[in-house]
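See structure below.
Counting from 1, the numbers follow the sequence of the chain as shown.
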Amino acid sequence: MMLKNPATKYRAFPPVKIESREWPNRSITSAPAWMSTDLRDGNQALFEPMNAERKMRMFKTLCKVGFKEIEVAFPSASQTDFDFVRKLIDEGHIPDDVTIEVLAPAREQLIRRTFEALKGARRAIVHIYNATSKPFREIVFGMSKAEVVAMAVNAVTLVRQLADENPETEWVLEYSPENFTATELDFALEVCNAVTAAWGATPDKKIILNLPTTVEMATPNVYADQIEWMHRHLARRDSILISLHPHNDRGTAVAAAELGLMAGADRVEGCLFGNGERTGNVDLVTLALNLYTQGVAPNLDFSDINSVARHFEHCTQMPIHPRHPYVGDLVFTAFSGSHQDAIKKGFSAQEADKLWNLPYLPIDPADLGRSYDSVIRINSQSGKGGVAYLLETEYGVVMPRRLQVEFSGEVQRYTDQHGGEMEAADIWELFAQTYLDTVNPVKYVEHHLFGESKVQGIRLTVQVNGETRELTGEGNGPIDAAVQALRNLGIKLQVRSYEERSMGKGGDAKACAFMELTQNGNDRECYGVGMDVNIVTASIKALMSGVNRMGASGLVVKAA
C-alpha cells in the first residue's frame, strides 16, 4: 500500500509576502525571556496529570533551573488547578523574583474565577486567549471577524477592570490569538492591535502578545516571516513583548523558535524536554543549550542535567528518549571505533583555556554534569558480551539503562584485565560481587520499622569495620528513614532514582531494587542493588550496596 497523492488532499501553506526580510541575516546574541508551561500545557498533555506532590516538585525544579515566569495552572478549568495556585500563594512558595502565570479563555465567568485564584499574589500574568483562524471562526464557533475581535476586546476590558479592583497585585496581561499561524496576518494584526489598545499598553505597562504555532503547519522560515511581519506592523511595538509558543507537529519547533527570535520575538514559551500536546511543545532545554553551544548565556542552569531529567521523569511519569539532545542516556555514545578514537584524541588535544573543538562533540559533557568515559566503555563491551541481555534472559535481572552503563564498565575492566569472553555465569558472579555481596565499609545486618503512617521510623543494625552499630532515623518512608539513619555515620546521601522489579513469578519470587545515589556535594552517581523476598528489605540492601559502591568508586564515605 502506498500513500495517497498528497496534492489531492493537502494544500501547501502560502508564503508570506514580505519584502527585504531581515531575519536570515541575523543571529541570536542574547537569551530570550523564558516562560515554562510545564505545569499547564505540559501537565494537561499527560496520560495521568501530576498530583499535588509532583506539581510542587516540578515547580521547585523550574525555579532552581532559573525560570522567572512559570505558567502554573488553568485555574478555571478544575478545582485541582485552582487549589494549586492557592497553595503556591497562601504558603509562600513563590520566590520573590518569580512570576506565576495562569491561562483563561476569553469568557467572563472563567476570567472572574481566574482572578479569585490569584488573589494576594505579588505579581501575576493573566494569559487570555481566543481562536482567530478562519476554520475556527466558520466551523467551530460560527463567528464573524467583528465578533472575534469583540470577544477579545471584551475579555481584555474585564481583565483591566478586575486588575484595577485588586491593586495589591502587579498585573501583566498576555493575549494569544490561538491558531495564529493559520490566521490571515492582516486579521491577526487587527485583533492584536485592538487588544493592545484596550489594555492601554505603554512602554511602562507592556502587554505580552503570544503568537503561537498552535499546530505547526509550515516550515520554520514561514513562521519567521509571520513573526517579522507582525514585528514590523504592530502598533505600539515599544509597548509589546512578542512571545513564541511553537508546537512540534512537523518536528521543527526548535528551529521555528530560533528563527522566530531572529525575526524579532522577545520571549519563548515551552516545556522541559519538549513535553506537551500531540508531538509536544518546543523543548526549552534543547533551545537553551543550543544557545550555550554558540557562546550565548541562556540564563538557565542545566549544569546538573541528570538531576533535572530525573525530576522530570518522576513528575511526568514519562521517560526521556535515550537519543534526546544533550540529556539522553546515549547522546554521548560512539558505537563506531573510529568515532571513539577521534574523540579520545580530541580530549587529549583540548586545552582548558581554549575554545571547545572536539570531533563529534558539540558540547563538553562536563558542562552538563555528565561524563564520556563510561559510555565509551559500554560501547566497546556491548559488542562482546551482550551484558544486559544475558543477565535478563539467564537470571531475570532487568537493569535500568544507567545501571547498564555503570555495570558494563565493570565488565570492561574485568575483560581488559583477564582477557577472553565472559559467559553468563561469569557475568552474574561479577554482578553479585559488585553489587550484592558488598560489606565495606558498612555491612547490613537487619532493620525494624516503627512509627505512624505519616512518619516512618527505622532501627537499622549494621557493622562498621567489624563493630555492630544500631542507627535510628525517621523520614517519609522506609528508604528516607534509612538515609536519615546513615547520617549518624557521617554518610550524607541523596536518592536520585529508585526502581523495583520482580524476579520470577509466584509467592517465592524475589524483589530486586535498584537505587541510584549521589553524595551531598558530589556530582557523581552510583548504583546499589538489593534482592530479597521482602521489597522493603531489598530496598534497604540496595541502599547499603550503593553506599559501599561509593566507597569502591573512590567517593568519600565517613563511616565513623
Check whether any side-chain N or O of [X] sits under 3.5 Å from a backbone N or O of [Y] as a donor-acceptor pair, and report yes or no.
{"X": "Arg137", "Y": "Thr132", "result": "yes"}
{"X": "Asp283", "Y": "Thr286", "result": "yes"}
{"X": "Asp480", "Y": "Asn476", "result": "yes"}
{"X": "Thr169", "Y": "Arg123", "result": "no"}
{"X": "Asn210", "Y": "Ser176", "result": "no"}
{"X": "Trp356", "Y": "Leu361", "result": "yes"}
{"X": "Thr8", "Y": "Asn5", "result": "yes"}
{"X": "Arg501", "Y": "Val398", "result": "yes"}
{"X": "Ser133", "Y": "Thr183", "result": "no"}
{"X": "Thr518", "Y": "Glu525", "result": "no"}

For [X] and [Y], which heavy atoms make the closest approach, and how far apart are they?
{"X": "Gly260", "Y": "Ile227", "answer": "O-CG2, 3.7 Å"}
{"X": "Ile89", "Y": "Ala117", "answer": "CD1-O, 3.5 Å"}
{"X": "Leu62", "Y": "Ser36", "answer": "CD1-OG, 3.3 Å"}

Please indicate whether Asp164 has more than 12 foreign heavy atoms, meaning atoms of other residues, nucleotides or ligands, lying under 6.0 Å from its CG. yes
Atom CZ of residue position Phe67 - does it have more than 12 heavy atoms of other residues, nucleotides or ligands inside 6.0 Å? yes
Which value, rounded to the nearest 0.5 Å, describes the distance between [X] atom [atom1] and [Y] atom [atom2]?
{"X": "Cys192", "Y": "His233", "atom1": "SG", "atom2": "NE2", "result": "13.5 Å"}
{"X": "Glu174", "Y": "Ile208", "atom1": "CD", "atom2": "CD1", "result": "5.0 Å"}
{"X": "Met230", "Y": "Ile242", "atom1": "CE", "atom2": "CD1", "result": "7.0 Å"}
{"X": "Phe82", "Y": "Phe74", "atom1": "CZ", "atom2": "CZ", "result": "14.0 Å"}
{"X": "Leu291", "Y": "Leu289", "atom1": "CG", "atom2": "CG", "result": "8.5 Å"}

Check Ile320, Val285, Val65 against Leu272 for a side chain to side chain contact (heavy atoms under 4.5 Å, CB included) and give me the one that passes. Val285
Which class fits the ring pair Phe136 and Phe141: parallel under 30°, tilted 30 to 60°, perpendicular over 60°? tilted
Parallel under 30°, tilted from 30 to 60°, perpendicular over 60°: which one fits the rings of His127 and Tyr129? perpendicular
Can you list every pair that meets salt bridge (charged side-chain N to carboxylate O under 4.0 Å, His left out) and has a residue in [range], with sequence neighbours left out?
{"range": "residues 144-163", "value": "none"}
{"range": "residues 20-30", "value": "Arg21-Asp225, Glu22-Arg26"}
{"range": "residues 236-248", "value": "Arg237-Asp266"}
{"range": "residues 189-209", "value": "none"}

Assert yes or no for the condition that the ring centre distance of Trp23 to Tyr223 is strictly below 6.0 Å. no
Do His93 and Phe59 make the cut of ring centroids closer than 6.0 angstrom? no
Looking at residues at least two apart in the chain, or sitting in another chain, which of them share a salt bridge (charged side-chain N to carboxylate O under 4.0 Å, His left out) with [X]?
{"X": "Asp301", "answer": "none"}
{"X": "Arg122", "answer": "none"}
{"X": "Glu108", "answer": "Arg112"}
{"X": "Arg310", "answer": "Glu313"}

With side chains defined as the heavy atoms from C-beta onward, is the minimum distance between Lys64 and His311 less than 4.5 Å? no
If you define the side chain from C-beta out and look only at heavy atoms, does anything of Ile28 sit under 4.5 Å from Met262? yes
Using distance alone, with no hydrogens and no angle criterion, decide if [X] and [Y] have a side-chain donor and acceptor under 3.5 Å apart.
{"X": "Gln44", "Y": "Glu277", "result": "yes"}
{"X": "Glu500", "Y": "Tyr498", "result": "yes"}
{"X": "Thr279", "Y": "Asn248", "result": "no"}
{"X": "Thr181", "Y": "Gln226", "result": "no"}

Are Glu516 and Arg402 ion-paired here, with the side-chain N under 4.0 Å from a carboxylate O? yes
Would you call Glu269-Arg40 a salt bridge at under 4.0 Å N-O? no
Check side chain to side chain contact (heavy atoms under 4.5 Å, CB included) between Ala155 and all other residues, then give those that pass, not counting sequence neighbours. Ala106, Ile111, Ile128
Take Ser239 and Ile207 through the test side chain to side chain contact (heavy atoms under 4.5 Å, CB included) and record every step on the way to the result. CA-CA 7 Å; Ser239 305; Ile207 185 174; 5.8 Å; no
For Thr196, check side chain to side chain donor-acceptor pair (under 3.5 Å) against everything at least two apart and list the hits. none
Residues at least two apart in sequence or cross-chain that pass side chain to side chain donor-acceptor pair (under 3.5 Å) with Arg250, listed by chain then number, are none
Kindly determine whether Leu330 and Arg401 satisfy side chain to side chain contact (heavy atoms under 4.5 Å, CB included), including the steps that lead there. CA-CA 9 Å; Leu330 297 180; Arg401 184 179 298 278; 3.9 Å; yes
Chi angles and distances behind the salt bridge (charged side-chain N to carboxylate O under 4.0 Å, His left out) call for Arg113, Asp81: CA-CA 12 Å; Arg113 177 68 170 165; Asp81 270 20; over 6 Å; no
What residues form a ring pair (Phe, Tyr, Trp, His ring centres under 6.0 Å) with His231, not counting sequence neighbours? none
